[in-house]
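Below: one structure, written as structure tokens.
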Amino acid sequence: MQKQLIDDFGRRVDYVRISVTDRCDFRCVYCMAEEMTFLPRDSIMSIEEIQLVALAFVELGVSRIRLTGGEPLVRRGLVDNLHKIGQLDGLQELLITTNGSQLVRHAKALKAAGVKRLNVSLDSLDEAKFKAMTRIGKLPQVLEGLDAAIKEGFERIKINAVVMRGSNDDEVLDLVEFVRDKGIDIAFIEEMPLGTIESHDRALTFCSSDDVREIIEQRYALTHVPQQTAGPSRYYTMPGHSSRIGFISPHSHNFCGDCNRVRVTVEGRLLLCLGNEHSVNLMPLLRAHPGQVEPIKEAIVNAMSLKPEKHHFDLHEKPQILRFMNATGG
Ligand code: SAM
Ligand code: SF4
């Protein structure tokens, strides 16, 4: 069987994001509704099935895996078994995106399992605003978690901040100062229209990466860092400082041309594009052939021809993608 995943537009897929749970201990306004119904246990991948999917991708030449969710660190059994993914032959990077709430408890184990880089979501440094954006999150818990992770000495730690006009757009410079002090990176994210959200009008709260960049450039000159890996982020540095500032701009800068990634939802659905519904359900195969990697590999190879050329996001239309971000795996 082939060793590389290449789609019909010649793009090589070497990066997969796997959602390991749809559950979360926060309810961020841009990601979830206030009242969420979570998936029944038997419809989500077991830890063994997640490992098998990871193995299949690595055997097909994928070198980076990001585990996400939902909140990956609330998935029972994940951290204890993480080394089985971290040690896969051929995997260069195991990455995790977390809201940070459980990092005090898990930072050490993540490092030991082979996680090299962490993304920690943090939209505000103001306790009240943080609470408003996450609905139930506690800022001190996340800050302690972040410090615990910094102490472990991961190769890189990056803050993810979704910027919403009227909520946290006045904190852009505070967040920049914060990452400079900590010696970590930050990526500012434009909100994507995933799931039906009633707490705010996305067209009104939208804050473009260009606007965020303008705010930062009032204080620091930004130098573009040439792209090291394909993907939606553009990175910049500030003079005399190692922290990098990134912008993830699904609206204002279309990034589909060099898309190198696919996603697997916690229900085992292989999504070929974040902004389209093209997908293949791997779950029937996982259940029909427990522990067998070849059928999964074959399905993944065949799915490549379904990867669409680009996404279609429009702030002024009703969301076409009815999946919430937590089910998709951000
Ligand atoms: N719970 C973890 C966390 O918050 O980091 C991992 C999952 S979360 C879905 C992954 C990332 O997606 C987070 O950085 C979050 O801010 C981002 N996100 C969630 N909903 C989004 C949306 N509608 N638009 C843009 N980013 C979003
Ligand atoms: Fe949970 Fe992450 Fe979604 Fe916030 S963004 S609700 S922390 S999954």
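Whatever order the structure lists them in is the order used to number ligands and atoms, beginning at 1. Basis for what follows: all heavy atoms, side chains included, without hydrogens, waters or symmetry-related copies. Note that the structure is predicted; figures quoted are calculated from it, not measured.
Heavy-atom contacts of E190 reach the following atoms of ligand 1: 25 (C) (cutoff under 4.0 Å). When each atom of ligand 1 is checked for a heavy atom of V162 under 4.0 Å away, the hits are 16 (O), 26 (N). Annotation for ligand 2: atoms under 4.0 Å from non-hydrogen atoms of G70 are 8 (S). Counting the atoms of ligand 1 from 1 in the order shown, those under 4.0 Å from a heavy atom of N160 are 14 (O). Listed by atom number, the atoms of ligand 1 under 4.0 Å from I189 heavy atoms are 25 (C), 26 (N). Residue F26 has at least one heavy-atom neighbour below 4.0 Å for each of these atoms of ligand 2: 6 (S), 7 (S).
Residue-level proximity to ligand 1 for T98 is carried by the backbone, the only part with a heavy atom below 4.0 angstrom. When non-hydrogen atoms are compared, ligand 1 lies under 4.0 Å from the backbone of T97 as well as from its side chain.
The residue among A187, C24, G69 with a heavy atom at the shortest distance from atom 8 (S) of ligand 1 is G69. If you check each of R23, E71, M32 against atom 2 (C) of ligand 1, the one with the closest non-hydrogen atom is E71.
Side-chain atoms of D22 do not come within 3.5 Å of backbone N or O of G70 as any donor-acceptor pair. In terms of modelled atom types and a separation under 3.5 Å, the side chain of R261 and the main chain of Y15 share no donor-acceptor contact. Within the 3.5 Å criterion, the main-chain N or O of L139 finds no donor-acceptor partner in the side chain of K131.
Annotation: the span from L5 atom CG to L60 atom CG amounts to 4.5 Å, rounded to 0.5 Å. Between atom CG of residue L270 and atom CE of residue M304 there is a gap of 6.0 Å, rounded to the nearest 0.5 Å.
Between G70 and ligand 1 there is a heavy-atom distance shorter than 4.0 Å.
For residues 75-90, the set of pairs meeting the salt bridge (charged side-chain N to carboxylate O under 4.0 Å, His left out) definition, not counting sequence neighbours, is empty. A side-chain hydrogen bond (donor to acceptor under 3.5 Å, both in side chains) check over residues 179-188, counting only residues at least two apart or in different chains, returns the pairs D147-K182, R156-D185, R180-Y220.
Here's the thing with S121: one of its N/O atoms is less than 3.5 angstrom from an N/O atom of ligand 1. Looking at ligand 1, you won't find any N or O of E191 less than 3.5 Å from one of its N or O atoms. Between T68 and ligand 1, no pair of N/O atoms sits closer than 3.5 Å. In terms of polar-atom proximity, defined here as any N/O pair under 3.5 Å, M192 does make such a contact with ligand 1.
Distance check for C28 against atom 1 (Fe) of ligand 2: none of its N/O/S atoms falls below 2.8 Å. Using a cut-off of 2.8 Å, one finds that C31 contributes an N/O/S atom close to atom 3 (Fe) of ligand 2.
The 12-atom threshold is exceeded at NZ of K129, counting heavy atoms of other residues, nucleotides or ligands nearer than 6.0 Å.
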Please report the C-alpha distance between N119 and R66 in whole Å, then the side-chain angles of each, then the deciding distance to 0.1 Å, and finally whether the side-chain contact (heavy atoms from CB on, under 4.5 Å) criterion is met. CA-CA 10 Å; N119 284 1; R66 178 177 297 284; 3.3 Å; yes

Evaluate the side chain to side chain donor-acceptor pair (under 3.5 Å) criterion for residues E171 and S124: first the C-alpha distance (whole Å), next the side-chain angles of each, then the deciding distance (0.1 Å), finally the verdict. CA-CA 7 Å; E171 284 195 74; S124 172; 2.5 Å; yes

Kindly indicate, with the supporting measurements, whether the criterion side-chain contact (heavy atoms from CB on, under 4.5 Å) is fulfilled by N160 and I186. CA-CA 6 Å; N160 275 351; I186 188 163; over 6 Å; no

